[in-house]
Every structure is written in C-alpha cells, then in structure tokens.
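Okay, handing you the structure first.
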Amino acid sequence: YTASLEAEGIRLAWAHDPSHVEREPAPQRLGVTKALTAIAPDHPELEAARRAGIPIEPWQQVIADAAFDRTLVGVAGTHGKSTTAGWLVHLLASAGADPSAFVGALLSAEVTGGVPATARRGGGAAFVVEADEYAGNFDAYRPSHAVVTNLEWDHPDVFADRAAVVGAVEAWLRRAGEGHGAPVVYANVADEGAAALVERLTGTWPGSIVGTALIEAGTGEDRRPRTGRAILGRIVATDAESTTIELSGDGLPTPVRARLALVGRHNAANALGAAAAALGLGVPPDAVASGLSSFRGVGRRLERKGEAQGVVVFDDYGHHPTAIRETLRAVRQRAPGRRIWAVYEPLTFHRTAALVDAFADVLSTADGVAIADIWAGRDRDTTVASAAGLAEAVAKRNPGIPVAAPGSVEETARWLAVEVRPGDAVLVMGGGRSYRIAELLLEALADR
C-alpha cells in the first residue's frame, strides 16, 4: 500500500514519535484512524497535538475536503464496498470521465494510471469514496450519489444488531440530503437490510431512490422493486472464468448483456450496483457494458496468487460469515472439481466471539479448514475467543474433514504445505496478516 505514496515523493515515518507534530513546520491538522483512537486515545502523538492546539480529525475528513468541489459518490454496505467502488471507478475511467477515488483496496495500475494504489487522481467531476459505516467513519462524506450494496450485522463492538446498522446508514443519507437537497441512492433491494433502509427513506427523504435487484433467470419474476425506478439483473451463464449478466430497466432502452471476468453471485450484484450508479452519472449503456466486462477486480478480493505443485492459491479479505460463504461458492465456480481449503485468520476477537456459530457453520462447508491465530485489531480483551475454539466448533459440525488451528500465519502456512495435495484449491481469508499465508504457502510448495 505504501508504494504509491513513495512514487509521489511522500516521505513515510515508520515509527511513532511526538516530534512528528512538535517540530517545525508544525502540521496544520492531524488525520487519524479510529483503529488508533479506539484503543489508544492517549497516544503520545495525539497528546502532543492536543498540547500544540493542532486539530485531530478522522482521516476521512481529509478525503472529503479533497473532494469538496466534485460530485461525491459514496459506496456503502456491509459487503462488497471495495469491489463495487473499484468497479465504478473503472466504469467511469474507461468511459473517459477521468474520476478521482479513494477506496479500501488496491486498484490496478490500469485503473490508477500509475502504480497500484487505493487512490486515483483525476480531472473529472466524479470523486468515488468507499464509505465505511464503522463508528461513523463515513460521517465526513456528503454524497450526491450513494450506492448501498447490502446491510447486515457486523462490527458488534459498535452495532447491537442489523437495525442499528440500517439506522446508521439512514442517518448518513439524511445528512447528505440536508447538504445536497436531492441526492440519489442506488440500493440493492434484493438484500433485506438494504430493503429495510429503503422503507425508512421512502416518503420522508428529499432524494430519489433507484432500486437494484439480481433476480433468477427463468423464474418469470419481473417485478420491479417498489422504488419506482429500478435496474434489474439476471445471471444468464456461468463458467469457471466468468459470469454473464443481463441488465434491464431505467436508463436502458434495451437490455444490456456483459460477460463479467469475476465469478460469484455476489460479484454479479456488485456489478449491478456499479452499473446503476454509472448510468446515473451519465455513462452511456454501451460503455457500461464494456466497462463491466473489462474490469479485473481489486486487490485481495478472490485474488489468484498463483499455483505450485498443482495447488492453486487464492487470497481474499473475507472476514464475516456471509462474505466467507459467498467467496467459497465463488471458488467452487472458479475451481470446479478441486478439494477446497478454507484458511481463515479471524479478524478481531469480539467479532469471532459474537459470530462463532455462523463462522463454524460456513467454514464447515469446505473440504479442509485451517484457522490461524486471531488478529486483534482494535480489541482490548483477547480472552473472549480463540482460533482453537473456532476450529473445534468447525470439527463438531463436519468431523469428516481435516481441521486445525496451527498457530501464527507462518505456522499455518507450514502446516498447509504438508497437508495440501495436487489438485487442491486453497482460499486464504482475513483482514490482518493472512495474505502472508498465501505467499508463504506458494513459496513452500515451490521449494518442495
């Protein structure tokens, strides 16, 4: 992630030190992540800034300020934000709209126009941001267009249930309405949480709502979402390398068909949200179809890392039971006939403890499971869950598959290198250092 900063000549400090804010010239403000303020509000650099009277702001405010004179497009939702935001950036860029963007995953060099980066600097009107709901991370953004992929219970340290998540997104969109008067939201109403959001907004929100819905081909279910305006999608064909969808609805005089280079039903839904927003931003239907087909994904989202000794290895950011379920299904489409390993580094102790049964249910559908040590993230209490406990729960649900909790990411990679065999597919998931499992496994297999 730092290569793009270094390419711009931005100097990086690799250790914390109060002198960063005390020396001259003093910074005008300090952009900070809640991952720090949540666990270390008395951090020495923060204390130094307070003593000097330097404002401390969420880093998202810096992004919002950079976009103040642009058409801000926020992509929100529990799952699929990075892929949908990246897809929308690609659609706009390939159509010549030259957008700016800041998303939560690496965009390819083709999209950024330079090295892979989480940001794109363009001269066009649109500025796309990934709008994260955690603890109000998206509060700085006042979008005139917003995509809502889905809404589900996550971040149990912040939200009590799904209704709390829906309420947070509703409040965010209502603030956007105050700022712009008539923003547009493109909501996946096939998702229960997003549909609940639309119900809350309908009739009392100054903006307009475009419903998106992926419906089953051949069912005859052509009902339009109750939002009035809608973009519908059908999956009409799948193979190991692609998913073909057909889009119809407002802004599309005739149905549009696109062969997506990404697999999985969840990615078809992501494509639909990106397409709806692109159409709303003025991209012609033929350019939307072309851009849907040419997008190759963002970093760490079912990313094929390589193959060694007949074992193919994928890397993914999945860290929620729903994301793991959909990604496992996508891997079975991508690697048909292979034995599928689910390798998971749980992201935070509190999430693991709150959703342990759901994690065990979905992981037990794989053909082999390895659970690495839990990545603490913002956790203070590391006693509420364990990798061994999750592995035990998986084994109880499916005693016929190999299940282990080998330890660190390094130990997990070493264990896997012994256990896997030619013809296997390994799906590594997590949000901490899990990506190293994929890299180390491929290195160990290549050296075998």
Side-chain angles (χ1 to χ4, degrees), residues 33-35 38-39 58 60 74-85 103-105 129-139 141 146-173 187-188 190-198 200 264-267 269-270 273 298 300-302 316-330 342 344-363 371 374-382 384-385 390 393 429-432 434:
T33 170
K34 289 187 175 69
I39 63 171
Q60 289 87 353
V75 181
T78 307
H79 314 294
K81 291 187 294 292
S82 295
T83 296
T84 304
V103 302
V129 294
E130 180 172 332
D132 174 28
E133 76 278 9
Y134 178 81
N137 275 336
F138 54 19
D139 286 349
Y141 302 137
V147 180
V148 179
T149 60
N150 45 67
L151 297 174
E152 191 175 4
W153 183 43
D154 192 16
H155 303 301
D157 58 328
V158 174
F159 300 114
D161 50 27
R162 188 183 72 185
V165 178
V166 173
V169 177
E170 177 192 7
W172 172 61
L173 290 173
N188 174 19
D191 172 75
E192 291 184 4
L197 170 71
V198 168
R200 291 190 184 196
R265 182 180 175 84
H266 65 299
N267 277 322
N270 292 336
V298 296
R300 297 214 64 221
R301 302 308 187 272
L302 196 51
D316 193 86
Y317 189 67
H319 56 273
H320 183 282
T322 299
I324 292 174
R325 181 193 70 210
E326 294 302 316
T327 307
L328 278 169
R329 289 176 177 172
Y344 178 45
E345 179 197 35
L347 182 60
T348 72
F349 286 80
H350 65 268
R351 179 187 281 110
T352 307
L355 301 173
V356 63
D357 288 334
F359 277 121
D361 288 344
V362 68
L363 288 167
I371 309 294
I374 298 173
W375 177 261
R378 296 176 287 267
D379 281 312
R380 293 179 180 270
D381 186 354
T382 60
V384 295
L390 178 54
M429 296 169 287
S434 57

Under 4.5 Å between any side-chain heavy atoms of Lys34 and Pro58, yes or no? yes

Output the distance between atom OG1 (Thr149) and atom NZ (Lys81), rounded to the nearest 0.5 Å. 6.5 Å

Trace of the side-chain contact (heavy atoms from CB on, under 4.5 Å) decision for Leu197 with Glu170: CA-CA 6 Å; Leu197 170 71; Glu170 177 192 7; 3.8 Å; yes

Where is the tightest heavy-atom contact between Ala146 and Leu173, given as atom of each residue plus distance? CB-CD2, 3.7 Å

Looking at Ala196 and Val166, what are the two nearest heavy atoms and their distance? C-CG1, 4.3 Å

For this output row, return yes or no: ring centroids of His79 and His266 closer than 6.0 angstrom. no

Evaluate the side-chain proximity of Leu390 to Ile374: yes if any heavy-atom separation is below 4.5 Å, no if none is. no

Hey, does the side chain of Asp191 reach the backbone of Leu151 with a donor-acceptor pair shorter than 3.5 angstrom? yes

Would Tyr134 and Asp157 count as having a side-chain donor-acceptor pair, cut-off 3.5 Å? yes

Using 30° and 60° as the class boundaries, would you call the ring planes of Phe159 and His155 parallel, tilted or perpendicular? tilted

Residues Leu302, Asp316; criterion side-chain contact (heavy atoms from CB on, under 4.5 Å); working and verdict: CA-CA 5 Å; Leu302 196 51; Asp316 193 86; 4.0 Å; yes

Between CE of Met429 and NE2 of His320, what distance do you get to the nearest 0.5 Å? 13.5 Å

Write down the atom of Ala354, the atom of Trp153, and the distance for their closest heavy-atom approach. CB-CH2, 4.0 Å

Looking at His319, is its backbone amide N or carbonyl O close enough to the side chain of Tyr344 to form a donor-acceptor pair, meaning the two atoms are under 3.5 Å apart? yes

Taking all heavy atoms of Ala105 and all of Val298, pick out the closest pair and write down the distance. CB-CG2, 3.8 Å

Check Ser82 against Gly104 and note the closest heavy-atom contact, atom names and distance. OG-C, 3.7 Å

When rounded to the nearest 0.5 angstrom, what is the spacing between CG in Asn150 and CZ in Arg162? 11.0 Å

Does any part of the side chain of Thr78, heavy atoms only, come nearer than 4.5 Å to the side chain of Thr322, both counted from C-beta? no

Backbone N/O of Ile39 and side chain of Arg380: donor-acceptor pair under 3.5 Å: yes

Flag side-chain contact, heavy atom, 4.5 Å: Glu152 against Pro321: no

Just by distance, do the side chain of Asn267 and the backbone of Asn270 share a donor-acceptor pair under 3.5 Å? no

For the atom pair CG (Asp139) and CD (Glu133), what is the distance rounded to the nearest 0.5 Å? 11.0 Å

Do the side chain of Asp379 and the main chain of Phe349 share a donor and acceptor less than 3.5 angstrom apart? yes

Any side-chain donor-acceptor pair under 3.5 Å between Thr33 and Arg378? no

Side chain to side chain, Asp154 and Val165, heavy atoms closer than 4.5 Å: no

Would you call the rings of Phe138 and Trp172 parallel, tilted or perpendicular, where under 30° means parallel and over 60° means perpendicular? parallel

Which pair of heavy atoms, one from Gly431 and one from Ser434, lies closest together, and at what distance? N-OG, 4.0 Å

